[in-house]
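We name chains A, B, ... by the order of the sequence lines, and we start the count at 1 in each one. Just so it is clear, the values below take in all heavy atoms, side chains as well, and ignore hydrogens, waters and symmetry mates. No experiment lies behind these values; they were computed from the predicted model shown.
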2 protein chains.
Amino acid sequence: MDQAQLLSRLQLVFQEHGYEGATLSKLAAHSGLGKASLYHHFPGGKAEIGATLLSGAIERLEKLAFAALRQNANPRQRLTEFVDGFATYTEDGASPCLIAAFSQGSAWVAHGDAVAEQFQSWRALLAATFQEAGYKPRRARREADALLGVLYGQLLLAKLSDDPGAFRRSIKRLKKSLLAG
Amino acid sequence: MDQAQLLSRLQLVFQEHGYEGATLSKLAAHSGLGKASLYHHFPGGKAEIGATLLSGAIERLEKLAFAALRQNANPRQRLTEFVDGFATYTEDGASPCLIAAFSQGSAWVAHGDAVAEQFQSWRALLAATFQEAGYKPRRARREADALLGVLYGQLLLAKLSDDPGAFRRSIKRLKKSLLAG
DNA sequence: GTCTATAGATCGATAGAC
DNA sequence: GTCTATCGATCTATAGAC
């Protein structure tokens with residue numbers, strides 16, 4: 001099994017149980033490795049596994065979604081590409097995404113600063129793009145917050161309603177309203 | 001300390017750490033009671049504490065928010081009252097709300113059916129109200145999903161961005177667009 | 001109704017064989 | 001690089017004094 005596949009299996013455990021609920025026993029069982037093998041790959045134990053997954057998720061979300069906002073296309077085009085990228089990001093099994101799972105309890109204490117900084121940077125980038133699209137600064141920030149809120153909210157909604165299609169439908173809606181508004 | 005205050009303190013622990021991360025030691029420490037005392041009040045242990053809090057949260061959300069949708073006012077008026085009620089519900093310290101905290105891991109397995117049924121019922125009620133407001137059935141369901149998604153998403157966003165005001169601002173936005181759209 | 005003390009299971013983490 | 005065996009800490013839950 002290669003590294004990417006191992007990380008993917010470990011990530012599922014964190015997403016399913018949250019950071020504190022993802023015990024080493026569960027991580028070992030779902031990865032097919034013994035506990036000691038996990039410590040061979042991640043000497044820092046559970047905290048290092050979590051940090052590796054979290055930074056990987058941030059990197060992937062940056063590359064798939066937010067990078068589109070830094071390109072040269074017109075602002076509304078960039079925004080719809082961002083939404084598409086976010087949808088792609090969620091397709092590798094990231095139902096309620098890993099970053100949300102890490103926003104609770106001791107995971108937040110351990111890794112929260114890095115997440116919070118990255119998040120604020122993304123938030124500012126998105127607001128700047130709305131501003132380029134013609135919104136005044138204040139309004140642009142609120143549009144950015146609203147868009148982020150919808151994206152995260154729909155992820156949770158898809159799980160609560162046990163309806164994966166709900167997320168895809170809301171993505172289509174979002175793109176339409178972005179192009180229209 | 002009365003029962004309501006005890007439940008409120010216990011709820012904070014579940015919201016902070018998620019269901020699996022809310023250990024009896026933390027629950028005892030934050031409630032100011034010993035572990036054995038908790039078992040006196042909740043013979044079923046952690047599972048009963050969780051179930052009590054969850055059904056209380058569902059009841060409160062029904063009463064404060066969704067009940068408004070069952071009244072006789074015109075549909076758009078009911079919808080804005082629903083949004084107001086949802087905002088009120090979140091003010092008793094329910095940052096990312098308890099129901100969201102229970103949507104992970106073993107809490108979902110233990111209490112998920114009750115949550116899922118209640119949630120689908122709420123979702124249908126909200127869709128019906130949008131339908132009364134003039135939307136066709138399909139469109140009404142999507143408006144309902146979008147609204148629920150925004151509400152839940154903004155809760156998470158307020159935590160990630162460490163900006164409680166963001167939620168309040170998005171509520172104002174939502175009401176305006178509901179009245180306009 | 002609350003406490004201390006503790007049982008038995010499981011936790012994160014390590015040692016050492018292969 | 002993976003395993004079994006095991007450590008001390010912490011977990012859920014209980015017993016019994018007050």
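Checked against salt bridge (Lys or Arg N to Asp or Glu O under 4.0 Å), Arg9(B) has no partners two or more places apart in sequence or in another chain. For Glu48(A), the salt bridge (Lys or Arg N to Asp or Glu O under 4.0 Å) criterion is met by no residue, not counting sequence neighbours. Remark: Gln3(B) engages Leu6(B), Leu7(B), His41(B), Phe42(B) in a side-chain contact (heavy atoms from CB on, under 4.5 Å) (not counting sequence neighbours).
A distance of 9.5 Å separates CG in Leu151(A) from OG1 in Thr90(A), rounded to the nearest 0.5 Å. Atom CD in Gln118(A) sits 8.0 Å away from atom CZ in Phe66(A) (nearest 0.5 Å).
Here chain A contacts DNA chain C (any atom closer than 4.0 Å to a heavy atom, that is under 4.0 Å), and the contacts span dC11(C) to dA15(C) from 5' to 3'.
Counted within 6.0 Å of CZ on Arg70(B), heavy atoms from surrounding residues, nucleotides or ligands total more than 12; the atom is thus considered enclosed.
Between Glu16(B) and Lys26(B), the closest side-chain pair of non-hydrogen atoms is not below 4.5 Å. Between Glu62(A) and Trp122(A), some side-chain heavy-atom pair lies under the 4.5 Å cut-off.
For residues 22-35 of chain A, proximity to DNA chain C is found at Ala22(A), Thr23(A), Leu24(A), Ser25(A), Lys35(A), defined as any non-hydrogen atom under 4.0 angstrom from a strand atom. Contacts between residues 40-50 of chain B and DNA chain D, defined by a heavy-atom separation below 4.0 Å, involve Gly45(B), Lys46(B), listed by number.
The distance between the ring centers of Tyr152(A) and Tyr152(B) does not fall below 6.0 angstrom.
A cation-pi arrangement, defined by a distance under 6.0 Å to the six-membered ring centre and an angle within 45 degrees of its axis, is absent between Lys175(B) and Phe82(B).
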